[in-house]
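We use all heavy atoms of the structure for the numbers below, so side chains are in, but hydrogens, waters and symmetry mates are not. Proteins get letters first, then strands, A, B, ... in listed order; numbering begins at 1 in each.
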Amino acid sequence: MDPIKYFTFSMIISILGIRGILLNRRNIPIMSMPIESMLLAVNSNFLVFSVSLDDMMGQLFALLVLTVAAAESAIGSAIFVNTFRVRGTIAVESINCIQG
Amino acid sequence: MDLPGPIHDILVVFLGLVLVLGGLGVVLLTNPIFSAFSLGLVLVCISLFYILSNSYFVAAAQLLIYVGAINVLIIFAVMFMNGSEYSNDSYFWTIGDGVTSLVCTSILFSLITIIPDTSWYGIFWTTRSSQIIEQDLISNIQQIGIHLSTDFYLPFELISIILLVSLIGAITMARQ
């Protein structure tokens, strides 16, 4: 019964993250927060399985995912700040330069 | 941790409730600074979960990296771009928003029905990891160190290259 409780919470956080990304209509720096919460839910799943299976690989992989999340968040913040400096607006609809 | 059964269960349920409230606060609050701080609450709650599950190093790393670095970066980005515009006129849901909410809710309910019905204990007993080291005499951090330097050596080096590349990229973008 114990892993099921942890799965439930990480599943709720992951689905809230999906919903937060898809229903974000306001501005761009808000969009990085549900992405981090989805990565967090995946981390939590790795750790739940690592504790249940008595295997250390899950904790190691969770550490690697943590590091990748940190790198991605740094690059994302740099891109957002530069976009704001160039465009002057942070509405999600204004990011359409790649459109054909 | 070696807590008695009921205290462990009460702590898990309490932390889970705070976690779900924080997650709802991240997506539903209108002020972006409140969302960023409730993301910090979610990260701290998950750290406490990890401490309850005997994963002390990952809990400490999560507190340092996620709360101390990523959350601070997010709050900086939010405060830097705050006050320009909020596009407050978009409170009405479109048809696409309704379809998305329907899909998310259906995924949630299907997962709620699937997860308790799966026989996780059947899956657990069929997998056996090859343990080359006695795991009782070595602490958690020593096990992580041993695995990082023997099995996970290549991912360790690749992670350092990823961090170097992201550092160079962020500095290059910030210089302009």
Side-chain angles (χ1 to χ4, degrees), chain A residues 2-9 11-13 15-20 22-23 25-30 32-34 36-37 40 43-44 47-48 50-57 59-60 62-64 66-82 84 88-91, chain B residues 12-13 16 19-20 23-24 26-27 32 35-36 39 42-43 46 49-50 53-55 57-58 61-62 65-66 69-70 73-74 76-78 80-81 84-87 90 97 100-101 104 107-108 111-112 115-116 120 124 127 129 143-144 147-148 152 155 159 162-163 166 169-170 173-174 176:
Chain A
D2 209 18
I4 299 181
K5 279 185 265 197
Y6 289 99
F7 289 158
T8 317
F9 294 129
M11 165 195 72
I12 290 178
I13 294 294
I15 292 182
L16 277 177
I18 295 175
R19 184 218 177 267
L22 294 176
L23 291 178
R25 319 208 37 215
R26 289 173 284 149
N27 46 10
I28 299 178
I30 289 184
S32 67
M33 291 190 266
E36 299 302 322
S37 76
L40 183 75
N43 255 355
S44 165
L47 269 174
V48 166
S50 161
V51 166
S52 303
L53 291 171
D54 223 357
D55 197 4
M56 204 41 80
M57 302 296 174
Q59 295 187 26
L60 277 168
L63 271 179
L64 299 180
L66 194 64
T67 320
V68 169
E72 162 251 336
S73 157
I75 294 282
S77 296
I79 291 178
F80 296 154
V81 165
N82 260 345
F84 175 65
T89 172
I90 51 174
Chain B
V12 164
V13 171
L19 184 70
V20 169
L24 283 173
V26 169
V27 278
S35 315
L39 181 73
V42 165
L43 296 169
I46 292 268
F49 258 132
Y50 292 171
S53 316
N54 291 331
S55 322
F57 182 67
V58 185
Q62 166 125 354
I65 297 177
Y66 254 126
I70 296 180
L73 259 180
I74 289 178
F76 160 72
V78 162
F80 185 75
M81 299 190 254
S84 52
E85 59 184 69
Y86 274 81
S87 50
S90 57
D97 286 347
T100 309
S101 298
C104 281
I107 291 176
L108 178 73
L111 278 175
I112 284 179
I115 287 178
W120 295 107
F124 289 163
T127 59
S129 63
Q143 288 180 40
I144 290 182
H147 280 295
L148 262 184
F152 275 69
I159 281 287
I162 285 179
L163 282 175
S166 80
M173 273 192 286
Q176 296 164 358

Do the side chains of [Y] and [X] get nearer than 4.5 Å, heavy atoms only?
X      : Y      : answer
A:M11  : B:I112 : yes
B:L111 : A:T8   : no
A:S44  : B:Y50  : yes
A:F9   : B:V12  : yes
B:F57  : A:L63  : yes

Contact class of [X] relative to chain B, heavy atoms under 4.5 angstrom:
X     : answer
A:L47 : side chain
A:I13 : side chain
A:V51 : side chain

Practice task
Identify which one of B:I46, B:I70, B:L39 satisfies the side-chain contact (heavy atoms from CB on, under 4.5 Å) criterion when paired with A:L40.
Solution key: B:I46

Handout entry: Test side chain to side chain contact (heavy atoms under 4.5 Å, CB included) applied to B:S101 and A:L23, step by step
Key = CA-CA 8 Å; B:S101 298; A:L23 291 178; 3.6 Å; yes

Please name the pair of heavy atoms, one in [X] and one in [Y], separated by the smallest distance, quoted to 0.1 Å.
X     : Y      : value
B:F76 : A:V81  : CE2-CG2, 4.2 Å
A:A71 : B:L163 : CB-CD2, 4.2 Å
A:P29 : B:V78  : CB-CG2, 4.0 Å
A:I75 : B:S166 : CD1-O, 3.4 Å
A:A78 : B:M173 : CB-CE, 3.7 Å

Quick check on [X] against chain A: is it the side chain, the backbone, both or neither that has a heavy atom closer than 4.5 Å?
X     : value
B:F80 : both
B:A61 : both
B:L73 : both

Exercise for the section: Kindly indicate, with the supporting measurements, whether the criterion side chain to side chain contact (heavy atoms under 4.5 Å, CB included) is fulfilled by A:R19 and B:T100. Expected result: CA-CA 7 Å; A:R19 184 218 177 267; B:T100 309; 5.9 Å; no

Under 4.5 Å, counting heavy-atom pairs only, tell me which of [options] racks up the most with chain B.
options                    : result
A:I30, A:L64, A:I12        : A:L64
A:G20, A:S50, A:A62, A:S77 : A:S77
A:L22, A:T67, A:L66, A:N82 : A:L66

Problem - CD on A:Q59 to CD on B:Q143, rounded to 0.5 Å - result: 8.0 Å

Practice task
Among B:L43, B:I162, B:L19, B:V26, single out the residue with the greatest number of heavy-atom pairs under 4.5 Å to chain A.
Solution key: B:L19

